[in-house]
Amino acid sequence: MEFSVSLNQRVSLSASFSPAAKMLGVSGVSGAGKSSLLSALAGAEPSAKVNVDWGIDAARVGVVFQQPMLFPNLSVQDNLLLSKRYAKQGSIEFQKVVEGCEISELLQRPVTTLSGGEGQRVAIARALLNGPDILLLDEALSAIDITRRHRIYRFLSANAETGYFRCVYVSHDWQDLALFSDALLIIDKGRKQHSGMTQDVLNAVSVDELGSNPFALLEGEVTQTAEQSAHALQIVSIDNTPLFVNQCSVVDSRAKFVLYASDVSISIPAKDNSLESEQSSILNALCCEIKMINDSEAKTSGKVLLTLQAGNQCFYSRISVLSLSRLGLEKGQQVVARFKAL
Amino acid sequence: MPLDYLPALWLTVKLALVTSVLLLIIATPLAWWLTRWQCGFKPIVQAIIALPLVLPPTVLGFYLLIAFSPDSPLGAFWLNTFGSTLAFSFEGLVLGSLLYSLPFAVQPLYGGFSQLDNRYLTVAKSLHLTPLAIATKLVLPLCKSSFAVAFGLSFAHTLGEFGVVLMIGGNIPHETQVVSIALYEQVESLNYTGAHTLSLVLLAFSLLLMVVLYWFNGKGGLGWNSQSR
């Protein structure tokens with residue numbers, strides 16, 4: 001998948017992505033040109049110069065905007081059926097889409113009575129029923145609550161993986177981008193800032209760009225799914241340590257989850273190195289090494305940012321300067337990172 | 001006595017009906033094209049279409065009369081094709097009314113099409129709806145109040161036509177004598193009873209039409225706009 005887009009002075013970029021990238025996340029600050037880029041890719045910008053190779057001949061491109069743009073003169077069901085009538089052969093079945101987008105109970109409703117999030121779910125379903133080869137989502141899930149949003153992303157991701165379509169989605173939410181994209185494109189002022197496979201881009205993005213609360217994307221092996229366990233949490237093994245995880249995306253028993261710096265606390269391991277000896281409601285404890293201590297904001301905020309490494313994976317912890325000095329933390333020291341089941 | 005006015009009344013309604021139906025057929029593509037057309041000359045085209053709003057009807061009628069004469073290309077063409085002159089005929093009146101009421105059909109449609117969120121069309125195209133499906137499933141229902149207003153205003157405006165008719169149609173009963181002309185004739189011949197009857201009929205009918213129009217517009221005019229999230 002590769003494209004180059006030039007639209008007036010607003011957008012000018014080209015990017016290419018591996019065929020393995022079924023879900024492409026697009027992000028950038030407000031006004032960076034994300035919507036313009038998607039609009040141009042959708043063919044809705046007559047003045048744009050667009051050169052695109054989706055990797056499919058005569059690709060059908062579906063587009064869903066932040067505002068659902070459901071046809072207000074039709075019911076939810078009639079919106080869906082109209083789309084279905086003009087669908088390509090072999091697109092996803094009606095019932096599967098209705099269940100995946102969680103809109104079974106909305107079918108008979110007039111479009112005008114839907115809430116923002118309900119409308120967005122219906123709009124995504126309508127686009128899917130048309131059988132797009134490429135699905136462009138311009139913050140199309142922004143009004144859906146996080147749990148449901150992640151379920152729908154998982155549904156999209158699973159179908160993209162099956163080969164029904166490829167999805168390009170714009171989001172402001174780093175967690176959504178990190179969890180569900182195979183590749184990322186970060187743009188700024190209409191230009192490409194970073195692009196590539198998700199983990200590579202996240203590594204390339206500086207801590208500052210991730211905002212005031214940086215995060216890391218951790219990956220591990222699922223040893224027990226939420227369905228199998230009695231506590232509705234997945235158990236994911238990282239560096240041979242079992243971790244309890246709530247929000248994650250799972251593909252082929254590999255789980256990805258996002259860990260924010262503010263959610264990680266640090267403790268010094270007990271003399272016997274046993275983690276179970278103390279009792280705490282914080283479920284997860286992971287032995288790791290302090291790779292870096294960033295105290296550039298220590299004066300203004302009283303906080304420092306630690307970069308930690310467990311196995312070959314890095315993540316962050318934001319702690320107070322006071323804790324840093326009380327625990328006497330130093331670079332290279334072995335510590336225990338603790339965080340709740342997220 | 002009032003029965004004597006029936007031919008004039010029927011002729012007026014027939015003229016208004018034929019004109020507004022033809023105008024919808026002409027004005028819909030014209031307004032659609034005008035909405036999408038971006039060019040420096042656009043204000044000139046808009047001005048020409050709007051001209052009948054401000055031009056004295058007699059001016060329009062005078063030029064039409066010239067154009068209808070067998071000496072002019074249009075008049076000659078009509079005479080050769082149909083064997084009759086355009087001037088002082090019902091067909092001539094229809095042609096005159098089309099021009100005279102054109103802005104009343106184009107402007108509401110232009111307004112409706114301009115307000116139609118472009119993203120509806122982008123989505124409809126991305127869903128591979130055919131142009132016919134886009135027109136009938138989307139544009140027509142979403143702009144139905146604009147269509148109703150365009151039809152109603154052209155109809156009402158043609159009802160009130162006087163100057164153009166007088167110039168190009170004259171006052172031939174059953175052929176070109178519409179109510180407004182018949183009224184003028186009654187006043188000229190000092191038959192105030194007849195003038196009262198005709199005036200009242202025209203007044204009541206026009207008022208009724210406008211009430212229906214505003215009622216319809218108030219109900220549906222903003223409907224799709226507030227619904228588009």
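All values below come from the heavy atoms of this structure, side chains included, with hydrogens, waters and symmetry mates left out. Numbered from 1 within each chain, the chains take letters A, B, ... in sequence-line order.
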Engineer: For A:A127 and B:L127, work out which heavy atoms get closest and say how close.
Structural biologist: CA-CD2, 4.2 Å
Engineer: How far apart are the closest heavy atoms of B:Y120 and A:L70, and which atoms are they?
Structural biologist: CE2-O, 3.4 Å
Engineer: Can you tell me how far apart CG (B:L138) and CG (A:L74) are? Round to the nearest 0.5 Å.
Structural biologist: 8.0 Å
Engineer: Which atoms of A:R85 are under 4.5 Å from chain B, going by heavy atoms: the side chain, the backbone, both sets, or neither?
Structural biologist: side chain
Engineer: Check B:K137 against A:N73 and note the closest heavy-atom contact, atom names and distance.
Structural biologist: O-ND2, 2.8 Å
Engineer: For atom CH2 of B:W10, decide whether the heavy atoms of other residues, nucleotides or ligands shown that lie under 6.0 angstrom number more than 12.
Structural biologist: no
Engineer: Distance check, rounded to the nearest 0.5 Å: A:F65 atom CZ versus B:D117 atom CG?
Structural biologist: 8.5 Å
Engineer: Is the number of heavy atoms from other residues, nucleotides or ligands within 6.0 Å of NZ (A:K49) greater than 12?
Structural biologist: no
Engineer: For A:D57, does the CG atom have more than 12 heavy-atom neighbours from other residues, nucleotides or ligands under 6.0 Å away?
Structural biologist: no
Engineer: Where does B:K125 contact chain A at under 4.5 Å (heavy atoms): side chain, backbone, both or neither?
Structural biologist: neither
Engineer: A quick test of your reading: do over 12 heavy atoms of other residues, nucleotides or ligands sit less than 6.0 Å from CZ of A:F94?
Structural biologist: yes
Engineer: A:V63 and B:T122: which non-hydrogen atoms are nearest, and at how many Å?
Structural biologist: CG1-CG2, 4.3 Å
Engineer: Does atom CD (A:E105) have a neighbourhood of more than 12 heavy atoms from anything else shown, all under 6.0 Å?
Structural biologist: yes
Engineer: Taking NZ in A:K96 as the centre, count heavy atoms belonging to other residues, nucleotides or ligands within less than 6.0 Å. Is the count above 12?
Structural biologist: yes
Engineer: Would you say A:Y86 and B:T130 make side-chain contact, with heavy atoms under 4.5 Å?
Structural biologist: yes
